[in-house]
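These notes concern the structure reproduced below.
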Amino acid sequence: NAGVTQTPKFQVLKTGQSMTLQCAQDMNHEYMSWYRQDPGMGLRLIHYSVGAGITDQGEVPNGYNVSRSTTEDFPLRLLSAAPSQTSVYFCASSYSGGGAYYNEQFFGPGTRLTVL
Amino acid sequence: DAKTTQPPSMDCAEGRAANLPCNHSTISGNEYVYWYRQIHSQGPQYIIHGLKNNETNEMASLIITEDRKSSTLILPHATLRDTAVYYCIVQETSGSRLTFGEGTQLTVNP
């Protein structure tokens, strides 16, 4: 299994540009999430999905859109990039089954985004 | 989800045990204690979790106090590769919304 993959690894945008960060997993996980991590800080939840067709907002959703048309993919869209969105973005997935074991989250390698 | 408190940084000598504390005094009965770590610039990695019993796996041991208000992650023989930020997270079993604090930066010294 490739696990959780993210593309691109690095991206530089100009203010106002839009783009989509890609996330895919091949573990048949129902739960998928997007986090951002600013320098020296912990991760903050942007959006999450409990299954195909179902998404919800996390702690910092403004400026981002998500959709979940398949179990495998969970893209994150920046609608109009701003310098405040300069960050490292991590995608994660986990099982949805019962019991604490199934809530182990698997993280991707991250996308490093700079907005000028 | 309950809030956790961790020291911002700790040092440990290579080969010695690293004991990382976490306070979670407002933990509720259905919340588990999870530990993740993040090695520089990489995605976080799951280490271990527990409810009220002590747990051990190939990576670490987790000791939870009887009142469940605090816990300790133990890396029995720390190596240089264990240098990372360690996050203690309290979460219900349902859902996948991890709430990360700022964690503890563990530095293992040769």
Side-chain angles (χ1 to χ4, degrees), chain A residues 2-6 9-10 21 23 25 27 29-51 54-61 68 74 87-112, chain B residues 1-9 22 27-60 62 64 68 71 84-105:
Chain A
V4 180
T5 58
Q6 293 184 238
K9 287 187 171 56
F10 299 93
L21 280 62
C23 174
Q25 52 90 12
M27 297 174 282
H29 287 168
E30 291 191 8
Y31 286 168
M32 295 187 75
S33 309
W34 275 103
Y35 296 84
R36 61 176 287 175
Q37 185 174 33
D38 298 332
M41 298 181 65
L43 282 72
R44 291 184 292 169
L45 183 65
I46 305 172
H47 285 285
Y48 65 101
S49 169
V50 299
I54 305 170
T55 63
D56 206 346
Q57 297 181 349
E59 180 185 359
V60 288
R68 184 94 179 272
F74 190 42
S87 191
V88 181
Y89 292 84
F90 291 101
C91 179
S93 72
S94 64
Y95 288 108
S96 64
Y101 174 79
Y102 294 103
N103 278 292
E104 172 188 349
Q105 290 207 23
F106 295 82
F107 285 82
T111 293
R112 283 142 186 83
Chain B
D1 296 329
K3 181 177 172 57
T4 62
T5 304
Q6 299 177 253
S9 64
C22 179
I27 192 170
S28 62
N30 60 344
E31 289 181 316
Y32 282 68
V33 180
Y34 285 80
W35 283 83
Y36 283 76
R37 74 180 183 183
Q38 186 176 26
I39 297 172
H40 180 63
S41 298
Q42 299 179 20
Q45 174 192 24
Y46 165 84
I47 301 173
I48 199 168
H49 74 278
L51 181 63
K52 51 185 177 182
N53 297 322
N54 298 339
E55 302 288 345
T56 296
N57 62 20
E58 64 279 4
M59 290 183 66
L62 174 60
I64 303 174
R68 303 207 325 122
S71 61
V85 178
Y86 288 77
Y87 295 99
C88 169
I89 299 168
V90 171
Q91 181 195 347
E92 293 184 7
T93 59
S94 61
S96 64
R97 303 179 56 174
L98 294 177
T99 301
F100 287 83
E102 296 185 4
T104 296
Q105 171 66 60

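Only this structure's heavy atoms are used, side chains among them; waters, hydrogens and symmetry mates stay out. So that the names make sense, note that chain A is the first sequence line, chain B the second, and so on, each numbered from 1. Here the structure is a predicted model, which means the values were calculated and not measured.
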As an exercise, state the distance from CZ of A:Phe107 to OH of B:Tyr46, rounded to the nearest 0.5 Å. 13.0 Å
A:Arg112 versus chain B, the contacting section by heavy-atom distance below 4.5 Å: side chain
By side-chain hydrogen bond (donor to acceptor under 3.5 Å, both in side chains), which residues pair with B:Gln38, not counting sequence neighbours? A:Gln37, B:Tyr87
When rounded to the nearest 0.5 angstrom, what is the spacing between OG1 in B:Thr99 and CG in A:Leu45? 7.5 Å
Between the side chain of A:Tyr35 and the main-chain N/O of B:Phe100, is any donor-acceptor distance below 3.5 Å? no
Let me confirm one number: the CD-CD1 distance from A:Glu104 to B:Ile47, rounded to the nearest 0.5 Å. 11.0 Å
For a side-chain contact (heavy atoms from CB on, under 4.5 Å) check, start with the C-alpha distance between B:Tyr36 and A:Gln105, then their side-chain angles and the critical distance, and finish with the verdict. CA-CA 9 Å; B:Tyr36 283 76; A:Gln105 290 207 23; 3.5 Å; yes
Restricting to side-chain hydrogen bond (donor to acceptor under 3.5 Å, both in side chains), what partner residues turn up for B:Gln45, sequence neighbours left out? B:Arg37
